[in-house]
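Okay, so here's the structure we're looking at.
Within every chain, numbering begins at 1; the chains are lettered A, B, ... in the order of the sequence lines, protein sequences first and strands thereafter.
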Protein chains: 2
Amino acid sequence: MGNRGILRLSPFSRTCIVDLSCKSEYALLALIELSAHHASGEPLQIRQISAQQSIPDRYLEQLLATLRRAGLVKSQRGARGGYLLVREPWKVSLYDVVSCIEGFEGQPDGDKSPATSEALVVQGVWGEVRQAAEAVLQRYTLQDLLDQRNAKQQIDIMYYI
Amino acid sequence: MGNRGILRLSPFSRTCIVDLSCKSEYALLALIELSAHHASGEPLQIRQISAQQSIPDRYLEQLLATLRRAGLVKSQRGARGGYLLVREPWKVSLYDVVSCIEGFEGQPDGDKSPATSEALVVQGVWGEVRQAAEAVLQRYTLQDLLDQRNAKQQIDIMYYI
DNA sequence: AGTATACCCCGGTTCCCCACTGGGGTTTGC
DNA sequence: GCAAACCCCAGTGGGGAACCGGGGTATACT
């Protein structure tokens, strides 16, 4: 999350091994907002999301453009425009979102000298690490996050009473 | 892995979500070499490891210093010096190695404005992602990598015949 | 005692990418 | 015609990754 002389939103965003980038976090936050708004059928605007989630609006614009190009959201230009989810929240896995935002690196370089057998072993294990991480992301959808968000807010309301 | 106009050692080193950094890969490769050498009780030198695994020796020196300070390896200075594992290979998990190399980020910032409930939900899920990845790393030791390396070399020998 | 070896420490470089920010064009609704 | 709101492109500053270099110190050997 943002490290540039501003308060971090997440104390966990930079820990060992598996980092949650600002991009991914902002994208998930934005999509939770879009999920909450999905039933209304009305577009949600960048400035609404950025205000609600403390995300820089111009940066969010870039992230939403990426999501739009990947078909996860669609946009409505012009006055009263904004963004909407393309699919229902329960049909969008976190893996869909994060892999879209983080992107894929290029294919193996054909002219590369062969790796040592140790390097192949390390890569094999790292493949398992990646698969384990991706399995968790594939298990959850935006709906799950929305449900957890709603449950948490319910508890907050009860504590407030 | 090294990206600077040189051939990458690993085509998988920069894929989405869970990246294997050069640091971690080099450290694991070096420790596999130290594991293979462990039974001899003799130190292994930086230039031997760097030659075998195509790792820049000055960079490897830094990584080994980190490992030494963390107590995973010990060094012998002077002529015929080098590095040795402190513990047996089957007692060193990959998690030990990678968390040492990648390090921990600082503690939560006390004066941070509280995160939104959505942010807390996202962080919760990412915690599960991290735990899943770390569980895989905790499951394997250097001995496992060495065994896989040996098995692979055995197959390569058979194919060569 | 001298010398070579090999680790130890500190500092530096280059490049890339992250996390933004800005300007202006185009579409849409009123 | 105008304001709202998305669209596209470019740019910036800082930090860190992936290195490299110089010189000090401990150790083994002759």
Side-chain angles (χ1 to χ4, degrees), chain A residues 1-10 13-14 16 19-27 29-30 34 42-51 53-70 73-84 101-103 105-106, chain B residues 1-10 13-14 16 19-27 29-30 34 42-51 53-70 73-84 101-103 105-106:
Chain A
M1 186 51 98
N3 295 331
R4 306 304 180 74
I6 60 174
L7 289 179
R8 284 181 183 156
L9 292 177
S10 167
S13 64
R14 301 207 69 79
C16 67
D19 294 339
L20 175 61
S21 67
C22 285
K23 276 177 158 181
S24 292
E25 184 164 4
Y26 290 161
L29 294 176
L34 289 179
E42 294 291 317
L44 194 61
Q45 293 163 4
I46 288 178
R47 60 183 172 77
Q48 291 171 284
I49 302 171
S50 66
Q53 297 298 333
S54 301
I55 301 172
D57 58 357
R58 295 298 226 147
Y59 192 33
L60 181 57
E61 189 186 308
Q62 281 186 52
L63 303 178
L64 285 167
T66 301
L67 293 169
R68 177 176 48 79
R69 286 192 286 269
V73 302
K74 66 188 176 188
S75 58
Q76 175 63 50
R77 293 180 81 169
R80 303 173 73 91
Y83 291 86
L84 307 96
I101 289 295
E102 299 295 339
E105 200 61 19
Chain B
M1 186 54 98
N3 293 332
R4 305 301 181 73
I6 59 175
L7 289 179
R8 284 180 182 159
L9 292 176
S10 166
S13 62
R14 299 206 69 79
C16 66
D19 293 338
L20 175 62
S21 67
C22 286
K23 276 179 160 181
S24 292
E25 183 164 4
Y26 290 160
L29 294 176
L34 289 179
E42 294 293 316
L44 195 60
Q45 293 165 3
I46 287 179
R47 60 185 171 76
Q48 290 171 284
I49 302 172
S50 66
Q53 297 297 334
S54 301
I55 300 171
D57 58 357
R58 293 299 223 148
Y59 193 33
L60 181 56
E61 188 185 310
Q62 281 186 53
L63 302 179
L64 285 168
T66 302
L67 293 169
R68 178 176 49 80
R69 286 192 287 268
V73 302
K74 66 188 177 190
S75 59
Q76 174 64 49
R77 294 179 79 167
R80 304 171 74 92
Y83 290 86
L84 307 96
I101 289 294
E102 299 296 340
E105 203 61 20

Q. Within the structure, does a side-chain N or O atom of R68(B) lie under 4.0 Å from either OP1 or OP2 of dC7(C)?
A. no
Q) What pairs meet the salt bridge (charged side-chain N to carboxylate O under 4.0 Å, His left out) rule with one or both residues in residues 73-84 of chain B, with sequence neighbours excluded? A) none
Q: Round to the nearest Å and state the distance from Q62(B) atom CD to dG12(C) atom P.
A: 14 Å
Q: Please state how far atom CG in L60(A) lies from atom P in dC6(D), giving the value in whole angstrom units.
A: 9 Å
Q) Does a nitrogen or oxygen in the side chain of S75(B) sit under 4.0 Å from OP1 or OP2 of dA6(C)? A) no
Q | Euclidean distance, L44(B) CG relative to I49(B) CD1, rounded to 0.5 Å | A | 4.5 Å
Q: List the protein contact pattern of nucleotides 24-30 of chain C with one symbol per nucleotide (5' to 3'): B for base contact, S for sugar-phosphate-only contact, - for none; contact means a heavy-atom distance under 4.0 Å.
A: BBBBBSS
Q: Mind calculating the distance between CG (D57(B)) and C1' (dC8(C)) to the nearest angstrom?
A: 14 Å
Q. Nearest to the side chain of Q45(A) - dC6(D), dC7(C), dA18(D)?
A. dC6(D)
Q: For dA18(D), take OP1 and OP2 only and decide whether either is under 4.0 Å from a side-chain N or O of Y26(B).
A: no
**Q.** Atom pair distance, as rounded to whole Å: CD in E42(B) and C1' in dA6(C)
**A.** 15 Å
Q: Not counting sequence neighbours, which residues clear side chain to side chain contact (heavy atoms under 4.5 Å, CB included) with A79(A)? List them please.
A: none
**Q.** Interatomic distance, L67(B) CG vs dC7(C) P [rounded to whole Å]
**A.** 14 Å
Q) Under the side chain to side chain contact (heavy atoms under 4.5 Å, CB included) test, which residues partner A51(B), sequence neighbours left out? A) none
(Q) I'd like to check the side chain to side chain contact (heavy atoms under 4.5 Å, CB included) partners of E61(A); sequence neighbours left out, ordered by chain and number. (A) I46(A), R58(A)
(Q) For the CG atom of L84(B) and the CD atom of E42(B), what is their distance to the nearest 0.5 Å? (A) 8.0 Å
Q) Could you state the NZ-C1' distance from K23(A) to dC20(C), rounded to the nearest angstrom? A) 11 Å
Q: Could you tell me the separation between the CG atom of L44(A) and the P atom of dA5(D), rounded to a whole number of Å?
A: 11 Å
Q | For R47(A), side chain to side chain donor-acceptor pair (under 3.5 Å) partners two or more places apart | A | Q45(A)
Q.
Once you apply a heavy-atom cut-off of 4.0 Å, does I46(A) come out as touching a base, just sugar-phosphate, or nothing?
A. sugar-phosphate
Q. What integer distance in Å separates Y59(A):OH from dG13(D):C1'?
A. 14 Å
